[in-house]
Amino acid sequence: MISQILNIYIDRRDFFIDLTIQHLEISMTAIIIAAVLGLILGVIISEYEKSSSFVLGVVNFIYTIPSISLLGILIPFSGIGNSTAIIALTIYGLLPIVRSTYTGIKNINPIIIEAAEGMGSTRFQILYKIKLPLAVPVIMSGLRNMVVMTIALAGIASFIGAGGLGVAIYRGITTNNEAMTMAGSILIAVVALIFDTILGIIEKSLDKKGNKKYKVKRKIIYTISSILILAIMITSVLNIKSEKNTIKIATKPMTEQYIIGEMMSSLIENKTDLNVELTQGFGGGTSNIQPAMEKEEFDIYPEYTGTAWNNVLKKKGIYNESMFLQLQDAYNKDYKFKWIGMYGFNNTYGLAIRKEIADKYNIKTYSDLAKYSNNLVFGAEYDFYEREDGFNDLSKAYGLKFKKNVELDIGLKYKAIKNKDIDVMNIFTTDGQLNTSNIVVLKDDKNFYPSYMCGNVVRKEIIENHPEIKEVLLELNNKIDNKEMSKLNYEVEVEGKEPKVVANEFLTERGLLK
């Protein structure tokens with residue numbers, strides 16, 4: 001594993017450097033804002049004691065909200081991406097700073113304050129020259145805790161389409177690449193420890209102001225920090241300037257969507273003058289990408305017809321491809337979106353069971369499964385339990401009543417069934433791991449599941465402004481069937497290839513990319 005991690009750092013160094021810069025940009029922005037606001041709030045409640053209980057109570061309450069829930073709450077107001085991640089991290093960062101500032105100031109010996117007042121010092125002079133300097137050790141302790149926590153927590157930003165090293169972790173989980181997951185996790189830990197060490201040196205230098213050794217160290221750290229902050233600001237400005245001719249593509253957290261996203265990105269950049277900003281593995285899938293498309297935060301994303309019919313258009317009943325014209329018309333009318341470029345594969349749902357259980361009870365169909373389901377544990381990704389064509393309706397149709405239902409990330413299901421943590425799981429018919437896992441895919445004997453043909457949803461405005469994109473997307477029309485998609489997924493999930501490599505090899509073999 002260690003050699004694999006080292007190799008992935010070397011082979012994907014540009015990828016990890018970019019993610020580290022993004023991680024620093026997000027976390028440092030949140031840290032600076034939280035430090036300033038937290039210090040101000042801490043000073044205010046220390047000076048106006050009556051407000052302390054209320055402010056600390058509110059900050060404490062917000063701190064208890066799970067991070068994923070907070071991100072979900074913020075998305076309707078601030079959208080997806082870095083802004084929402086920074087807001088969430090800032091909110092979480094307030095408590096350590098507010099509390100440490102308040103505690104540091106309130107624990108100062110009252111005799112010192114009385115002496116200063118007796119010498120005629122003003123309230124501001126006492127605060128600036130006595131209280132804050134004496135409270136610095138406690139404030140620095142809170143700051144160090146906040147910095148480490150923020151850098152670590154910034155990993156979850158990838159769930160809402162923000163950048164950072166969480167992208168590597170999430171992609172590694174989704175594509176069954178443990179080395180990628182560990183590589184991202186280790187880098188986050190290293191960055192957090194580096195900043196904790198830097199702040200530790202600053203803290204010691206403040207305690208030993210007259211020590212020349214610590215003065216030199218402090219100057220070096222301040223210089224490096226200033227350069228780092230300046231570099232982050234310049235990077236942000238350059239990113240804003242480059243957005244004008246950039247097409248923003250989003251993909252769901254699925255291996256095949258990573259591959260498709262890379263295909264689109266390579267073709268658009270190779271055959272047009274446009275740049276592509278590719279957000280891979282956007283957390284929540286359709287439920288978060290569709291609203292982001294409506295807000296023009298994304299321009300294109302791969303979607304499935306059955307999902308579009310039931311989850312986006314909220315239509316009842318089972319979708320089949322004879323309804324595709326109705327689907328297109330509804331998308332155009334309701335959202336000003338177009339379906340352009342149908343890949344040719346139908347990635348519908350299915351159920352799979354551990355082979356030893358299938359053999360033991362002779363389970364071959366969903367109806368067979370219903371007879372023994374009360375003794376089995378079922379596992380699926382989060383949105384499967386909420387879908388129109390998901391767990392509840394499936395259970396009603398077949399009379400399924402499992403002993404226990406487990407919610408898993410989409411990338412962990414195969415590992416869970418291999419480890420016997422679950423007995424049954426939902427699968428996609430193009431999963432790359434189907435042929436290598438010790439499982440049996442059951443027959444949908446009542447034809448419960450609708451069609452899920454994959455195609456691109458594109459904002460109409462984008463096609464009008466850049467008609468060349470339509471020609472590019474149509475080059476992939478009916479180029480990938482179920483067998484081919486499963487093979488491509490296998491190359492990523494089992495053989496360990498990068499989605500970009502697999503995508504470009506396919507495009508080159510088909511003569512679509514030079």
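- Glu303 contributes atom CD, which lies 7.5 Å from atom CD of Gln290 (distance to the nearest 0.5 angstrom).
- No more than 12 heavy atoms of other residues, nucleotides or ligands sit less than 6.0 Å from atom CE of Met182.
- Here Phe337 pairs with Tyr335 under the ring pair (Phe, Tyr, Trp, His ring centres under 6.0 Å) rule; sequence neighbours left out.
- Residues satisfying the side-chain contact (heavy atoms from CB on, under 4.5 Å) criterion with Tyr48, sequence neighbours excluded, are Ile44, Ser51, Arg123.
- Annotation for Lys295: atom NZ counts as buried by contact number, over 12 foreign heavy atoms lying within 6.0 Å.
- Between Phe378 and Tyr385, the ring planes are perpendicular. Angles over 60° get that label, and only those under 30° would be called parallel.
- For the 3.5 Å distance criterion, the side chains of Lys248 and Thr279 fail to qualify, holding no donor opposite an acceptor.
- Atoms CG and CE, on Asn456 and Met263 in that order, are 11.5 Å from each other to the nearest 0.5 Å.
- Within the model, atoms CD1 of Ile86 and CG of Leu74 stand 12.0 Å from one another, a figure rounded to the nearest 0.5 Å.
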Take Lys252 and Glu381 through the salt bridge (charged side-chain N to carboxylate O under 4.0 Å, His left out) test and state the conclusion after the steps.
-> CA-CA 13 Å; Lys252 301 182 187 186; Glu381 64 274 12; over 6 Å; no

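- How far OG1 of Thr90 is from CD1 of Ile97: 11.5 Å, rounded to the nearest 0.5 Å.
- The aromatic ring centroids of Phe384 and Tyr349 lie less than 6.0 Å from each other.
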Determine, stepwise, if the pair Ile113 / Ile126 fulfils side chain to side chain contact (heavy atoms under 4.5 Å, CB included).
-> CA-CA 7 Å; Ile113 307 300; Ile126 293 172; 4.0 Å; yes

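- Not counting sequence neighbours, Arg99 has no partner by the salt bridge (Lys or Arg N to Asp or Glu O under 4.0 Å) test.
- When the ring pair (Phe, Tyr, Trp, His ring centres under 6.0 Å) test is applied to Phe15, no partner is found at least two apart in sequence or on another chain.
- Atoms CG and CG, on Asp431 and Asn347 in that order, are 6.5 Å from each other to the nearest 0.5 Å.
- With 3.5 Å as the limit, one finds no donor-acceptor pair spanning the side chains of Asn489 and Thr255.
- For Glu262, the salt bridge (Lys or Arg N to Asp or Glu O under 4.0 Å) partners at least two apart in sequence or on another chain are Lys500.
- Applying the salt bridge (Lys or Arg N to Asp or Glu O under 4.0 Å) test to Glu461 and every residue at least two apart in sequence or in another chain returns Arg459.
- Taking CD1 from Ile469 and CD1 from Ile247, the interatomic distance works out to 3.5 Å, rounded to the nearest 0.5 Å.
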